[in-house]
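Order of the sequence lines sets the chain letters (A, B, ...), proteins ahead of strands, with each chain counted from 1. Here the structure is a predicted model, which means the values were calculated and not measured.
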Amino acid sequence: MDIQCSHDVFENVMELAKRRGFIWPASECYGAVAGFIDYGPLGAMMKRRVENIWRDFYIIQEGYYEIECPTIAQEAVFIASGHVKGFSDKMCQCPHCKEYLRADHVAEGGNVCNASIMKNEELSAAISSCRCLACGEILGNVEVFNFNLMFSTTIGPGSQRIGYLRPETAQGMFVDFSRLLRFYRDKLPFGAVQIGKSYRNEISPRQGMIRLREFTQAEAEIFVHPDEKNHHPSFRRYGDYRMPLLTYIQQQKCEEPVEMSMREAVDKGIIANEYVAYYVALTHELLVTIGINPERLRFRQHLPDERAHYATDCWDAEIFSPRFGWVETVGIADRTDYDLHAHARQSGIPMTVFIQFDKPKKTVRRRIIPNMSVLGKQYRTKAKAIFAALGDTTPTTEGVDIEIGDEKIHVPASLFEVRDEVIDIRGEEIVPHVIEPSYGIDRMCYAVLEQAYDEDIADGEKRTVMRLSPNVAPVQVAVFPLMARDGLDIIADDITHTFHKKGLLAEYDDNGAIGRRYRRQDEIGTPFAITVDYDTKETNTVTLRDRDTMKQVRVPIDGLTETLRALVEGRITFTSLMP
RNA sequence: GCAUCGAUGGUCUAGUGGUAUGACUUAGGCCUUCCAAGCCUAUAGCCCGGGUUCAAUUCCCGGUCGAUGCACCA
């Protein structure tokens, strides 16, 4: 990319975003801190619209209810999730050139084995003879330390209780599993979604709103029966949906993406299962709905060594930016049963679903029934422990040896009876698998802004226009009196008020020349503008202007709100109103 | 976090060891019957801290933010 070019799209769009109130550096009056941004009045509105479109897809269409969990959770949650251990990097600083280095990378370079399992002190000793990857000096006495990307805090006054700001919203949905399962009446599949802030203490965030330390995620956790991953109940909806897919095999061969239907992708084993394919297609549709150009959108499969250890398949929706290249914006992963297992182990609460068999299965089970009246008298206080331990043993005709604490006890066969019973097994406890589509809302917003930015020539002059999709544009319609007098302003004000009553965000403006007012709205992406002129008083009509074409059409004031709603929601097009 | 470069009204910019230029924008007014017209007026700025100096926006040091390279990106 040509960095000499002083004004690329990124600079233009961020300048506009700052100036017009989409995005601001956070706490600017004290000097901004990298990795934090404010959404200004227009940005916050637009973000809300993007989130609500996301809700339309996941909550209304898919039926996965939204929950809201705290952004802070106690340490145990992140011990279970692996973040306390695994979300940090072992780092060291070269004493010669002051460079920060990944200690395991240094070890690799110096042929040190098993670096990943070493303690910091061991690793420190092991790499002391290695050379710095930056300056090439022998490191010598160097300290290895963990840099964990989670923000930590303490909970309560004077407390040693550690809390962390969540690095993803997902864990909240996992830890609520039992409640969710009950809410969905103990049946798979079901899902929960969450839109909220997550936090990662990035070492050096440097890409505007692409890499933030505090960012908004929209995540869905869909719990499915492991054997049913190839039977998404609504798969027919996206089975014929076609899009280009960049598989890991193509990446290894440096080949171009291949377009195919989701049905085909699943049948050929390119996408792991119907569930993943379904959300790949849904994500494509969602991103196009908020205004992403499909030609700048691709779905890339993670390479096997790129995938998180728990995922069997993972696809990223990547959006092309002239500045940042392909930016991963959505990840769709099959997380298997990793998370539920981990939380069940850590919390001691089983996280399983009881699946009833169609017919109960008959099975023979061996039961060991102790004769407690004898056993109790003989073993006294140990009797209860022996009773419990007997169930897990396989006795011989001699009896059985069991261990209670450090003590070995021989229980003769006369003290219990072994009975083989035929019993009905009515079902089984299974740990569901989790399909996780995870969206970076801020990156979506950036992509929407970047792709909407355009400059064209109108009447020989440069016009800056944000070609935002009407469904995400902060202001939906502008209303102008041609002149702020002769009662035109009153009519325009009434129309504005009518829009407001129907939930349309309309902005009234009577300041300056009409052309200037149009340009102002073009720049913030307002898709439509109504102008009240002198004919309005005669014919009860107004002009309706389309932002992108700057064409106008006269429409009656009667039914104006419905017309605007239909336009904003995409039910009709501006062209269809043209005579 | 290191190295290099940068930071002047809301935006883009000129310039300077003695508080700053112009344009656009914004606001008020005149004018104006549909695309940034014109005229008058107003608001508004030298990134932050320290040093040198009679005096620092300017020179020096440190910081913050941004760009680039290195590193990092579960």
[X] [atom1] to [N] [atom2], straight-line distance once rounded to whole Å:
X	N	atom1	atom2	result
Lys462(A)	C24(B)	NZ	C1'	11 Å
Glu455(A)	C35(B)	CD	P	22 Å
Arg213(A)	U64(B)	CZ	C1'	13 Å
Met209(A)	G66(B)	CE	P	14 Å
Asp456(A)	C35(B)	CG	P	16 Å
Ile37(A)	C65(B)	CD1	C1'	15 Å
Gln207(A)	A71(B)	CD	P	15 Å

Per nearest nucleotide of RNA chain B, the residue lying toward the 5' end, Glu15(A) or Ala34(A), is Glu15(A)
Select from Glu328(A) and Phe10(A) the residue whose nearest nucleotide in RNA chain B is closer to the 5' end of that strand.
Phe10(A)
Taking only the [atom1] atom of each, what is the distance from [N] to [M] in whole angstrom?
N	M	atom1	value
U25(B)	G10(B)	C1'	7 Å
G6(B)	U58(B)	P	14 Å
A44(B)	U33(B)	C1'	34 Å
G17(B)	G51(B)	C1'	15 Å
A20(B)	G38(B)	P	28 Å

Quick check with a 6.0 Å cut-off and a 45 degree axis cone: is Arg300(A) positioned over the face of Trp326(A)'s six-membered ring?
no
With syn defined as a glycosidic angle within 90 degrees of 0 and anti as anything else, the base of U19(B) is syn
Fill in the dot-bracket string of RNA chain B, one character per base: . for unpaired, | for a pair to another strand, ( ) or [ ] for pairs within the strand, taking Watson-Crick or G-U pairs under 3.5 Å.
(((((((..(((.....[...))).(((((.......)))))....(((((..]....))))))))))))....
Any donor-acceptor pair under 3.5 Å between the side chain of Arg545(A) and the base of C35(B)?
yes
I want to check something: taking the side chain as every heavy atom from C-beta on, are [X] and [Y] in contact at a cut-off of under 4.5 Å?
X	Y	result
Met45(A)	Leu42(A)	no
Val465(A)	Arg467(A)	yes
Val77(A)	Phe174(A)	no

Sorted by number, the residues of residues 215-223 of chain A with heavy-atom contact under 4.0 Å to RNA chain B
none
Of residues 509-523 of chain A, the positions that come close to RNA chain B - non-hydrogen atoms, cut-off under 4.0 Å:
Asn511(A), Ala513(A), Ile514(A), Gly515(A), Arg516(A), Tyr518(A), Arg519(A), Arg520(A)
Distance check: side-chain N/O of Arg19(A) vs OP1/OP2 of G9(B), anything under 4.0 Å?
no
[X] and [Y]: side chain donor to acceptor below 3.5 Å:
X	Y	result
Tyr508(A)	Asp510(A)	yes
Thr536(A)	Asp533(A)	yes
Gln217(A)	Glu168(A)	no
Thr329(A)	Tyr446(A)	no
Tyr534(A)	Asp486(A)	yes

Which part of the nucleic acid, if any, lies within reach of [X] when heavy atoms closer than 4.0 Å are counted: base, sugar-phosphate only, or nothing?
X	result
Arg211(A)	base
Asp533(A)	base
Glu28(A)	nothing

Does Arg166(A) reach the main-chain N or O of Cys69(A) with its side chain, forming a donor-acceptor pair under 3.5 Å?
yes
With distance as the sole test, does Arg323(A) use its side chain to make a donor-acceptor pair with the main-chain N or O of Phe10(A) at under 3.5 Å?
no
Describe, in one word, how the ring planes of Phe36(A) and Phe151(A) are oriented to each other, choosing from parallel (under 30°), tilted (30 to 60°) and perpendicular (over 60°).
tilted
Side chain of Arg323(A): nearest nucleotide among U68(B), U33(B), C65(B)?
U68(B)
